[in-house]
2 protein chains.
Amino acid sequence: MAEASADRGRTTRQRLLGAAAALIAEAGWGGVSTRMVAERAGVAPGVVHYHFASLPDLLIAASTGVARAMLEELTARLAEQPDPETGVEWLLGELSRYTGTDPASLLIVEMYLAAARLPELRERLHELVADSRAQIASWLRDRGHAGDAEATAAVLVAAVDGLVLHRGLDPALDLTALAGPLRAMVRTDRTDRHEEGSGT
Amino acid sequence: MAEASADRGRTTRQRLLGAAAALIAEAGWGGVSTRMVAERAGVAPGVVHYHFASLPDLLIAASTGVARAMLEELTARLAEQPDPETGVEWLLGELSRYTGTDPASLLIVEMYLAAARLPELRERLHELVADSRAQIASWLRDRGHAGDAEATAAVLVAAVDGLVLHRGLDPALDLTALAGPLRAMVRTDRTDRHEEGSGT
DNA sequence: TACGGTTTTGGTCAATCGTCCAAGACGTTC
DNA sequence: GAACGTCTTGGACGATTGACCAAAACCGTA
């Protein structure tokens with residue numbers, strides 16, 4: 001078989017994915033063209049449609065690949081934190097690395113944007129977010145969070161995305177100063193037990 | 001003077017703004033063309049560049065206009081709530097009207113994400129958000145929130161935006177089930193007073 | 001009726017776009 | 001060396017884009 005050719009093809013494919021991810025961050029989802037990707041990857045313009053059925057296909061594969069890696073690492077390291085309170089503190093410190101205008105932040109933002117128009121991307125992104133939410137919820141449960149761990153995790157993940165979004169508007173926003181409210185939220189066990197049930 | 005002509009112009013301008021806002025939600029920020037807006041507004045294609053310097057100019061004016069009206073009404077009605085706990089409860093109910101796929105949600109989302117590329121839009125949106133944050137913070141202070149009202153307001157607004165974003169990914173997400181964590185957050189006064197200072 | 005400022009018209013321009021394809025290049029197998 | 005599968009090349013196609021402009025239309029005023 002022509003295994004060497006296939007290898008060459010896989011390398012090219014990876015280069016296309018990398019170039020696409022970088023360009024989404026630089027030019028925006030709608031600002032990426034097949035020719036730009038090809039040039040960045042150092043290949044001829046036509047090669048894009050050999051490896052991918054369409055431009056959106058390429059962009060979806062590229063963005064979800066990067067996002068999955070980022071999210072999985074973040075949730076995994078969060079789960080290593082001993083308790084929710086130091087966890088959110090660590091989380092804010094980690095998020096401070098994202099200014100909202102750096103490539104990673106922009107890629108995430110662009111992906112959320114495009115997800116509103118592309119059902120396939122929306123589905124994949126939904127999976128990623130639901131996954132993180134579930135992992136964080138179980139981490140909260142394991143660490144003695146007696147409130148509704150699912151609800152707390154949902155708000156926490158939403159707050160993280162919202163903060164990244166707001167960071168783009170105002171890079172001066174000091175995330176570490178927001179630990180107070182988040183700490184209060186992750187330990188609802190002793191503070192919010194009067195009228196409603198305690199979760200699932 | 002030709003006051004009647006000027007009046008006609010103002011009406012056309014308003015129609016362009018309305019058509020642009022609707023189309024941003026329908027087709028996405030990058031999916032709107034001058035010809036689409038003109039057709040929707042019932043005018044000739046060239047009229048867009050008579051009333052606006054460029055297409056981005058039109059889109060920025062249209063989106064910030066709608067967003068300002070929405071945000072101001074939301075924060076004003078939130079400030080009418082008697083205390084933070086019922087306030088966030090009311091807020092979640094209000095947010096439930098936005099499915100994440102309705103025109104209003106889509107417009108807001110598109111605007112946030114376009115702001116990453118357009119400095120002028122970013123600046124205007126930053127003003128709007130900072131304004132809401134400040135108003136909510138002072139409302140929290142007035143209602144006896146002894147924690148860092150600024151920080152709480154920042155997290156609250158970020159969570160709201162994040163939830164709208166996540167709602168687009170998962171319309172089944174039940175916002176009213178998330179009251180617990182938010183309630184815990186808005187009354188940090190009796191629960192988070194040990195090591196750090198109490199606000200500004 | 002003729003003039004004035006203002007708005008509207010409909011079309012042109014060069015540029016860019018996604019997609020497609022026939023031809024060539026490469027490395028392996030017979 | 002010939003045949004083969006795989007990948008790559010560079011250009012072509014029709015469609016769409018933002019911006020622009022000369023000319024026409026409108027309406028109160030003189």
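In what follows, every chain begins at residue 1, and chains take the letters A, B, ... in the order their sequences are listed.
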Any A:T12 side-chain nitrogen or oxygen under 4.0 Å from OP1 or OP2 of D:dT8: yes

Taking every non-hydrogen atom, the tightest pair across A:W29 and A:L59: CZ2-CB, 3.4 Å

Reported CE-to-CG distance for the pair A:M111 and A:L106, which is rounded to 0.5 angstrom: 11.5 Å

Residues from residues 31-41 of chain A lying under 4.0 Å of DNA chain C - heavy atoms: A:V32, A:S33, A:T34, A:R35

Worked check of side chain to side chain contact (heavy atoms under 4.5 Å, CB included) between B:Q14 and B:T11: CA-CA 5 Å; B:Q14 285 304 315; B:T11 304; 5.7 Å; no

Residue pair A:Q135 / A:S132, side-chain heavy-atom distance below 4.5 Å: no

Selection: residues 47-60 of chain A, any non-hydrogen atom under 4.0 Å of DNA chain C: A:H49, A:S54, A:L55

Distance-only side-chain donor-acceptor flag, B:H145 / B:T152, under 3.5 Å: yes

Heavy-atom neighbours of B:R68 CZ exceed 12 at 6.0 Å: no

Whole-Å gap separating P (D:dG18) and CH2 (B:W29): 13 Å

Check: B:R117 side chain, A:E26 main-chain N or O, donor-acceptor pair, under 3.5 Å: yes

Check against side chain to side chain contact (heavy atoms under 4.5 Å, CB included), A:L92 and A:L163: CA-CA 10 Å; A:L92 288 174; A:L163 287 174; 4.3 Å; yes

